[in-house]
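The structure appears below as structure tokens.
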Protein chains: 2
Amino acid sequence: MIMPSLRDTDPRHLAALVAVADHGTFARAAQALGFTQSAVSQQIAQLERAAGVALFDRPKGPRPAEFTSTGQIVLEWARRSLARVDQMDAQLDLLRRGRSGQLIVGTFQSASAELLPNILGAMRDHVPDVDVQLDETDDLDALMREVLQDEIDLAFTIDADDDPRIEIDLLGYDPFVVLAPAERPARQFVTVADLNTRPLIGQPGDETGQRLIDQRLTGAGISPDYAYRFRNNAAVQSMVRSGMGWAVMPSLAVDHDDPDIAVLRLDPPLHPRAIQLIRRSGRTLLPAAADFRSIAKKVGRGLLEARA
Amino acid sequence: MIMPSLRDTDPRHLAALVAVADHGTFARAAQALGFTQSAVSQQIAQLERAAGVALFDRPKGPRPAEFTSTGQIVLEWARRSLARVDQMDAQLDLLRRGRSGQLIVGTFQSASAELLPNILGAMRDHVPDVDVQLDETDDLDALMREVLQDEIDLAFTIDADDDPRIEIDLLGYDPFVVLAPAERPARQFVTVADLNTRPLIGQPGDETGQRLIDQRLTGAGISPDYAYRFRNNAAVQSMVRSGMGWAVMPSLAVDHDDPDIAVLRLDPPLHPRAIQLIRRSGRTLLPAAADFRSIAKKVGRGLLEARA
DNA sequence: GCATGATCATCAGAATAGCTGATCACTATG
DNA sequence: CATAGTGATCAGCTATTCTGATGATCATGC
């Protein structure tokens, strides 16, 4: 060994030093470590060679070697160094089990409202020490971009096109429904054509969600004409409640517990939007992220099928 | 490797991980480390085996491997772990050069007054980062005990007997002088017999220093009779100044700049006390302690011979 | 389309490092 | 003076680790 640097020193050598400190003699340290006295002697010798200083005074008799002042200092460093390795080991163990880690998930309004609380609840039960951070925006393209740039681990999205750069999990389908003021007797179904008999309330045209709805309606043969537009989902619903008009909304975005609102199904239905979870392809997920994914799929199945 | 623990992981493997992070590809990392690409590949592979998790995603083409989320976490740990080893290395380097370390030196009043400031000044000039802590007591036996029990690295002492358990360096001889009120014309010399013509001022009989003086005086044929006793050297000198009597004191303990005090030499002189530096035998000194020792010997030679 | 060049993995063999087991030297203790 | 316990040392075996060559894969450029 030309270069006497601890950079090339086996942790075992440090462990030997600590063991000698803890057990008093080379022989007992060796026994504790499962080595022979010879091995420990050589380990310490190499450590001293690497350090370039004597770490022990050897009394040359039947008395144990004792640490020099330098040796005591090195001993403390060795303890701390090994402690750090052990910490890393423990952290890694948590990581392997998916019980730790910082997870960043991209999401948007309607996913956040219904899907996420259920998923996060299950995560808390299952892997309580995972720190899930949310990155919420309604710009789905931005989410996609962040996934591709590894800025976020996972993202919810809607109707994502096949793309070799990402892998897509389908969580379920979110049907489009019509919101109308509650009436008696309540209707169950409306047709697309019925929509043009009432003023329509929607979101601004730059909203990703609204564009999706307009595409669907155009595809179904009508060109919607919005009397009022509000950015917030709840505001739209509120307007419907006060009788200003009807609204077409994805089911997940609707507050189904509102007694003043009738949720009507379209017949024939619009093609429902696909709620998906995307991740960058070819990337190994953090174990915690893999947990999130399987939980999301399970929750999505329950939530979205029940409402289909 | 049955036990996948990082405890058995060479720092080089961690260094490889960091190098890959810093240089982008296995091959460049290998070059930076002075290894072949094959070696780095195997190091990383073993690291992944030990960690039990994938640390890299391999895109299987001409594009470099990229860290997984887990890999990034492990990378940070590796950096910190290596930083610690490097810190230890740097510390050790300072230690080797005697430029660092915590030194505890036992000392007593008269050594502290004159000798120590000079030694500590030289230490500061020579090895500025050594932390010299002082353990001051006037119980020389206590100092000896602390040396034997490795509680202190070095200790000043006086007239220590040969003892196989300690090694003694003679710093110099400190003559005994007589303090008298300044008179004109000032006398230069007094005899031991003259002492009994004046009231004597001394320290309490339990003081190690006082016992030494009494031994010397008894050996010289007189039995001193103290009119007043004060524990503090300065107090004794103050009493002499105000004309209460004479005092026999070791030269090192005297404030020679006091204009109201005449420092008289004994003729024939009492056998001077030997100022020594002791350390436990068979123990390797901290390099900084070795420096302290050689500086102390040099300073002692200068200071004590000049006053002999 | 096909060659080129870059990626990392893999394998066999050589070099190195590490451990064992036996032995030696030393000395405090009884 | 024999005993017992200390660590050092040495030779030889084993395990690890590096090298050097090769393989597999695929993006890029001609």
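Treat the numbers as computed from the prediction; the structure is a model and nothing was measured. What you see below is based on every heavy atom in this structure, not just the backbone, and it leaves out hydrogens, waters and symmetry mates. Chain naming here is simple, since letters A, B, ... match the order of the sequence lines and numbering starts at 1 in each.
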Give every donor-acceptor pair under 3.5 Å between a side-chain atom in residues 76-85 of chain A and any protein atom, sequence neighbours left out.
unit_1	atom_1	unit_2	atom_2	d
A:R79	NH1	A:D22	OD1	3.3
A:R79	NH2	A:D22	OD1	3.2
A:R80	NE	A:E76	O	3.4

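Between the CD1 atom of B:I44 and the P atom of D:dC18 there is a distance of 11 Å, given to the nearest Å. With rounding to whole Å, A:Q46 atom CD is found 14 Å from D:dT9 atom P. Rounded to whole angstrom, the span from the CG atom of B:D57 across to the P atom of D:dT25 amounts to 18 Å. Rounded to whole angstrom, the span from the CD atom of A:E48 across to the C1' atom of D:dT9 amounts to 15 Å. One can place CD of A:Q43 at 15 Å from P of C:dA17, the figure rounded to the nearest angstrom. In this structure, CD of B:E66 is placed 13 Å from P of C:dT7, rounded to the nearest angstrom. One can place CZ of A:F35 at 8 Å from C1' of C:dC19, the figure rounded to the nearest angstrom.
Nucleic acid contact for B:F56: none, since no nucleic acid atom lies under 4.0 Å from a heavy atom of the residue. Here B:A39 lies in heavy-atom contact (under 4.0 Å) with a base.
Checked for salt-bridge contact, B:R273 and B:D159 miss the test: no charged N lies under 4.0 Å from a carboxylate O. Between B:D93 and B:R97, at least one side-chain N (NZ, or NE/NH1/NH2) sits under 4.0 Å from a carboxylate O, which counts as a salt bridge.
Qualifying side chain to side chain contact (heavy atoms under 4.5 Å, CB included) partners for B:A111, counting only residues two or more places apart in sequence or in other chains: B:T107, B:F108, B:F156. By the ring-ring contact (aromatic ring centres under 6.0 Å, His included) test, A:F26 is found to be paired with A:F56, residues two or more places apart in sequence or in another chain being considered. Under the rule for a side chain to side chain contact (heavy atoms under 4.5 Å, CB included), the partners of B:E167 that lie at least two apart in sequence or sit in another chain are B:R279, B:S281. Residues satisfying the side chain to side chain contact (heavy atoms under 4.5 Å, CB included) test with A:S69, not counting sequence neighbours, are B:D153, B:L286. By the side-chain hydrogen bond (donor to acceptor under 3.5 Å, both in side chains) test, A:S38 is found to be paired with A:Q42, residues two or more places apart in sequence or in another chain being considered.
For the contact set between residues 14-34 of chain B and DNA chain C, defined by any heavy atom under 4.0 Å, the members are B:T25, B:F26, B:A27, B:R28.
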Dump the pairs, protein N or O against N or O of nucleotides 28-30 of chain D, anything under 3.5 Å, distances to one decimal.
none

Are any protein N/O atoms closer than 3.5 Å to N/O atoms in nucleotides 12-14 of chain C? If there are, list each pair with its distance.
none

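Side-chain N or O atoms of A:H126 include none that pairs as donor or acceptor with a backbone N or O of A:A122 at under 3.5 Å. Side-chain N or O atoms of A:R280 include none that pairs as donor or acceptor with a backbone N or O of A:V147 at under 3.5 Å. Panel note: side chain B:T68, backbone A:L285; no donor-acceptor pair is recorded below 3.5 Å.
In this structure, CD1 on A:I119 lies 11.5 Å from NZ on A:K298, to the nearest 0.5 angstrom.
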Contact state string [nucleotides 25-30 of chain C, B base, S sugar-phosphate only, - no protein heavy atom under 4.0 Å]: -BBS--
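Contact between the side-chain N/O atoms of A:R58 and the OP1/OP2 oxygens of D:dT6 is not found at any separation under 4.0 Å.
For the pair A:D10 and A:V40, both in contact range of DNA chain D, the more 5′-proximal nearest nucleotide belongs to A:V40.
Pairs passing the side-chain hydrogen bond (donor to acceptor under 3.5 Å, both in side chains) check and including a residue from residues 56-67 of chain A, sequence neighbours excluded, read A:E48-A:R58, A:D57-B:R283, A:D57-B:T284, A:E66-B:R283. Sorted by first then second residue, the ring pair (Phe, Tyr, Trp, His ring centres under 6.0 Å) pairs that include residues 78-99 of chain B, not counting sequence neighbours, number zero.
Checked by distance alone, A:Q37 brings no side-chain donor or acceptor within 3.5 Å of a matching partner on the base of C:dA22.
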